[in-house]
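Working notes, structure below.
Note that the coordinates shown come from a computational prediction; the quantities given were computed from them, not determined experimentally.
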Amino acid sequence: MDGEAIQKEIAEMDKRLALLEQKVDQIDRNVSNINSSLSKILWIVGGGFIASIVAWVVRGGLGT
């Protein structure tokens with residue numbers, strides 16, 4: 001291979017690397033958004049369980 005062909009190959013690899021870095025950044029953002037959404041959902045579900053337990057106790061669920 002001559003020097004020009006090597007330079008073209010290096011330039012192509014640089015482009016591929018830049019694209020891969022962009023894809024990794026996008027995937028990272030997507031995972032962060034999914035994690036945030038799941039956290040909110042878990043808080044809502046947990047709050048629902050706590051509310052149902054409190055409602056059960058208030059209605060006399062622990063009464064003997």
Practice task
Group every Ile, Leu, Val, Met, Phe, Trp and Tyr by side-chain heavy-atom contacts under 4.5 Å, then state whether Phe49 and Val57 land in the same group.
Solution key: no
Completion exercise
Value for CG (Asp25) from CG (Asn30), rounded to nearest 0.5 Å, stands at 11.0 Å
Handout entry: ILVMFWY cluster, Leu42 and Ile34 together (side-chain gap under 4.5 Å)
Key = no
Exercise for the section: Report yes or no: does Ser39 contribute a side-chain atom to a donor-acceptor pair with the main-chain N or O of Asn35 at less than 3.5 Å? Expected result: no
Problem - Side chain Ser36, main chain Ser32, donor-acceptor under 3.5 Å - result: no
Completion exercise
residues 2-19 vs side-chain hydrogen bond (donor to acceptor under 3.5 Å, both in side chains), sequence neighbours excluded, gives none
